[in-house]
Amino acid sequence: GAVVSQHPSRVICKSGTSVKIECRSLDFQATTMFWYRQFPKQSLMLMATSNEGSKATYEQGVEKDKFLINHASLTLSTLTVTSAHPEDSSFYICSATVGASGGYGYTFGSGTRLTVV
Amino acid sequence: GEDVEQSLFLSVREGDSSVINCTYTDSSSTYLYWYKQEPGAGLQLLTYIFSNMDMKQDQRLTVLLNKKDKHLSLRIADTQTGDSAIYFCAESINNFNKFYFGSGTKLNVKP
């Protein structure tokens, strides 16, 4: 089945630095990938939709200059948290779809636990 | 925006059935899903149901959908300790690209 690999699984960084998270579709091409954020004991909130070869679409309230998304190829999307602050500490999950075949075509990565100290 | 609600906790004994409930507000949902999340891990799609269906069964899992009441449930038969996790219901609406998740139900299975 479709596999989405997310890296790193955990990262600790200092305030003010930037962190890049990668999301790769391993055995399929994903024209669209999605980035979610999950706060402790809360649900996942869609941050942005990443489209290959074009600019990402951000959800309301998500700072596009802070969360930079690059979807340079059909198998890779990256999320860069710039000038990270402790409040950016969260669990970030990406997902990808194999196509417009319905929601069951979505596959989620295993997530990245970001801790900003 | 769309509102998907779940109870936060459920505790059952091993071997019993578990029923996790979910309510949603948007009647134009296209698909409804159940995902499982184990500690520190991503989401695993358990099952999904198309909005014109009332029931779907897949091995130990039974999904019931009541469109009139906008109520979705997941029944796990013969619950095992390995089923302990957080279960999220989610809906996608017209545009499959957006998922709206509930807050998750933490299932605790006691041996």
Side-chain angles (χ1 to χ4, degrees), chain A residues 1-11 21 23-24 30-52 56-62 90-115, chain B residues 1-9 20 22-24 26 28-53 56 58 61 63 65 72 85-108:
Chain A
V3 177
V4 171
S5 172
Q6 196 171 333
H7 178 80
S9 57
R10 290 179 181 275
V11 58
I21 303 169
C23 180
R24 292 181 185 273
T31 55
T32 306
M33 293 185 176
F34 307 91
W35 288 96
Y36 292 82
R37 181 175 183 178
Q38 185 181 31
F39 289 104
K41 299 183 181 180
Q42 293 189 30
S43 186
L44 289 83
M45 298 298 295
L46 179 64
M47 297 175 66
T49 302
S50 170
N51 301 294
E52 188 268 336
T57 304
Y58 291 82
E59 295 299 299
Q60 192 173 3
V62 178
S90 190
F91 193 57
Y92 294 86
I93 303 178
C94 69
S95 73
T97 177
V98 296
S101 56
Y104 49 82
Y106 283 78
T107 302
F108 284 82
S110 55
T112 298
R113 173 79 59 194
L114 170 63
T115 304
Chain B
E2 288 68 19
D3 197 11
V4 181
E5 295 190 355
Q6 301 176 239
S7 54
L8 292 180
F9 300 102
I20 303 172
C22 173
T23 58
Y24 58 97
D26 198 308
S28 59
S29 297
T30 308
Y31 285 93
L32 295 124
Y33 314 83
W34 284 103
Y35 282 87
K36 178 182 181 182
Q37 185 182 37
E38 299 188 48
L43 298 180
Q44 174 193 354
L45 177 64
L46 288 178
T47 187
Y48 65 93
I49 188 168
F50 190 48
S51 58
N52 68 352
M53 297 169 64
K56 181 177 180 180
D58 184 2
L61 305 178
V63 178
L65 175 60
L72 180 74
I86 299 176
Y87 291 80
F88 290 95
C89 66
E91 61 174 347
S92 64
I93 299 167
N94 296 332
N95 176 357
F96 298 137
N97 288 341
K98 290 193 177 183
F99 275 43
Y100 297 93
F101 285 87
S103 55
T105 298
K106 186 172 183 178
L107 174 64
N108 179 39

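A note on names: the letters A, B, ... follow the listed sequences, proteins ahead of strands, and every chain is numbered from 1.
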Take the angle between the ring planes of B:F101 and A:Y36 and call it parallel below 30°, perpendicular above 60°, tilted in between.
perpendicular
Side chain, backbone, both or neither: which part of B:Q37 has a heavy atom under 4.5 Å from chain A?
side chain
Take a 6.0 Å sphere around NZ of B:K56 and say whether it holds more than 12 heavy atoms from other residues, nucleotides or ligands.
yes
So B:M53 and B:L65, do their side chains get closer than 4.5 Å, heavy atoms only?
no
Select, from A:M45, A:Q38, A:R10, A:Q60, the one with the greatest count of heavy-atom pairs under 4.5 Å involving chain B.
A:Q38
Counting only non-hydrogen atoms closer than 4.5 Å, does A:L44 touch chain B with its backbone (N, CA, C, O), its side chain (CB onward), both, or neither?
both
In terms of relative ring orientation, are B:Y48 and B:Y33 parallel, tilted or perpendicular, with 30° and 60° separating the classes?
tilted
